[in-house]
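Have a look at the structure below, then the notes.
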2 protein chains.
Amino acid sequence: MSERSDVASTRRRILEASLDLFGTRGVDGVSLDDIAAVVGVRKQTVLYWFASKDDLVVAALAIAAEQLAVVIEAAVRAAPDDPLDRVDAVVCAVFRPAVRRPALLGLIREVSRLPTAQADALATGIQPLIERATSYLRAEMAAGRLRQGDPALIAALAYATLTGIATEPETLRAVGWIPSAAGLRRLRDELRRYLAAALRP
Amino acid sequence: MSERSDVASTRRRILEASLDLFGTRGVDGVSLDDIAAVVGVRKQTVLYWFASKDDLVVAALAIAAEQLAVVIEAAVRAAPDDPLDRVDAVVCAVFRPAVRRPALLGLIREVSRLPTAQADALATGIQPLIERATSYLRAEMAAGRLRQGDPALIAALAYATLTGIATEPETLRAVGWIPSAAGLRRLRDELRRYLAAALRP
DNA sequence: GCACGTCTCTACCATCTGGTAGAGACGTGC
DNA sequence: GCACGTCTCTACCAGATGGTAGAGACGTGC
């Protein structure tokens, strides 16, 4: 059966489905059968491509990290050299996929609270992203192009807020606040304004 | 056996343990046996006090909402009449328990992504808290004591940031950023500064 | 002494879970 | 024609899970 594999390889589709399901419903809340059903395949096929559920989790996290890295990379390249513009561009660039696909940042959170073994996977995919951001901020602060401050603090705040906005719409919807597209855009702009105010030298 | 019940009723201790476990590891990631073990009791005792796991989840969410309500209530009463001071007081008041006990806000998130039935429980405990905050902001904006804006936007951003800070330390720790007490305090102050800047008329 | 509330005990159940085993089907490229 | 990669099928397994059933133990208050 290769009709489906032509469109997108089964392996890839299992990974994408796992990213979405694990990232939104949690690793414990999703069975291999659930994933197989979404892909339109049998559980054995999932286990044909990935030796175990743990392996699948790690692999899904890896493609999430990769997709985030690509988005950030593109934003940085396209942005002007000014560090404030760059930070702004990265926030905007990450915001869109993060909101459209809450599982992207959600999966990071899910993995990070797993029993220690799998959490190590964060070190390979995600940690470099965070470290790159903080070291960039540190360098620009040292050069006087950004206000002096704790780069880790800024990065952590931006990350926490982004993750909160990306993964809480479910909550806020359940609680009566309907996050419209326009509302989310304004949330993004608030965050941008806030970071600009905190970083402008 | 009432030696233990004297200290704190078994029912209450089951509820508190459920709040912590469900809120940090997720409803699906915690079994009734896990909760019983933490409390030092048998699974049958848990099911003696709560008809089902679903009931326990709903009850745990209820006490989380109540504890948040108490904290907010006290902060509002103790704060001066100025709305900026009040917002600041509420943020500070919620921040401390939210960071010390990530499960408080974490449980809200966990419940909100459950199959629809239990998510209705959010309407009784949490929704009133959010609505009260937004209606307060709206009233003060209308009175010109706060800058005009979308109250839901501000409430949502504060909520998302607070939840992010409260529940992401695990992630950030896994990723190399160690959230010290001082670091968390500075995160809180950043949020306060931002809200003050956004709300000052 | 008795009823009651609280909790434990043994024992059980159906269901779901991750995972295994092995055979076979189908299409492709050589 | 053959090997290979991909995927399905039937069938199974051990363990964990939510939940049930019923008897009994212990202490308290009446």
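Convention: sequence-line order gives letters A, B, ...; per-chain numbering from 1. Basis for what follows: all heavy atoms, side chains included, without hydrogens, waters or symmetry-related copies.
- The distance from atom CZ of Phe50(B) to atom P of dT20(D) is 15 Å, rounded to the nearest whole Å.
- Pairs passing the salt bridge (Lys or Arg N to Asp or Glu O under 4.0 Å) check and including a residue from residues 30-44 of chain B, sequence neighbours excluded, read Arg25(B)-Asp34(B).
- Taking every side-chain heavy atom of Thr45(A) into account, dT8(D) is the closest of dG5(C), dG19(D), dT8(D).
- Residues meeting the side chain to side chain donor-acceptor pair (under 3.5 Å) test with Arg147(A), sequence neighbours left out: none.
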Cut-off 3.5 Å, no hydrogens considered: what does the side-chain donor-acceptor table look like for residues 148-157 of chain B, sequence neighbours left out?
{"from": "Gln148(B)", "atom 1": "NE2", "to": "Met141(B)", "atom 2": "O", "distance (Å)": "2.9"}
{"from": "Asp150(B)", "atom 1": "OD1", "to": "Ala152(B)", "atom 2": "N", "distance (Å)": "2.9"}
{"from": "Asp150(B)", "atom 1": "OD1", "to": "Leu153(B)", "atom 2": "N", "distance (Å)": "3.4"}
{"from": "Asp150(B)", "atom 1": "OD2", "to": "Arg186(A)", "atom 2": "NH2", "distance (Å)": "2.9"}

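- Val76(B) approaches Arg86(B) most closely through the heavy-atom pair O-NE, 3.6 Å.
- With sequence neighbours excluded, the residues that form a side chain to side chain donor-acceptor pair (under 3.5 Å) with Ser112(B) are Thr171(A).
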Reading nucleotides 12-17 of chain C from 5' to 3' and marking B where a protein heavy atom lies under 4.0 Å of the base, S where only the sugar-phosphate is that close, and - otherwise, the string is -----S

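- Every residue meeting the side chain to side chain donor-acceptor pair (under 3.5 Å) condition with Glu16(A), not counting sequence neighbours, appears here in chain and number order: Arg12(A), Gln67(A), Arg101(A).
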CA sep, side-chain torsions, deciding dist, call: Thr161(B), Leu191(A), side chain to side chain contact (heavy atoms under 4.5 Å, CB included) | CA-CA 10 Å; Thr161(B) 304; Leu191(A) 175 61; over 6 Å; no

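- Residue pairs meeting the salt bridge (Lys or Arg N to Asp or Glu O under 4.0 Å) criterion with at least one partner in residues 88-97 of chain A, sequence neighbours excluded, are Asp88(A)-Arg192(A).
- Stem regions for DNA chain D, each three or more consecutive Watson-Crick or G-U pairs with both distances under 3.5 Å and listed by first number, read C:1-30 with D:1-30.
- OP1 or OP2 of dT6(C) sits under 4.0 Å from a side-chain N or O of Tyr48(B).
- Rounded to an integer number of Å, the gap from CD1 of Ile35(B) to C1' of dT17(D) is 12 Å.
- Evaluation of the side chain to side chain donor-acceptor pair (under 3.5 Å) rule for Arg138(B) yields no partner, not counting sequence neighbours.
- Atom CH2 of Trp49(B) is separated from atom C1' of dG19(D) by 19 Å (rounded to the nearest Å).
- For the pair Arg42(A) CZ and dT6(D) C1', the computed distance is 15 Å after rounding to whole Å.
- When each of dC9(C), dC7(D), dT10(D) is scored by its nearest atom to the side-chain atoms of Gln44(A), the top-ranked nucleotide is dT10(D).
- Minimum atom distance to the side chain of Leu47(A) is reached by dT20(C), of the listed dT20(C), dG19(D), dC7(D).
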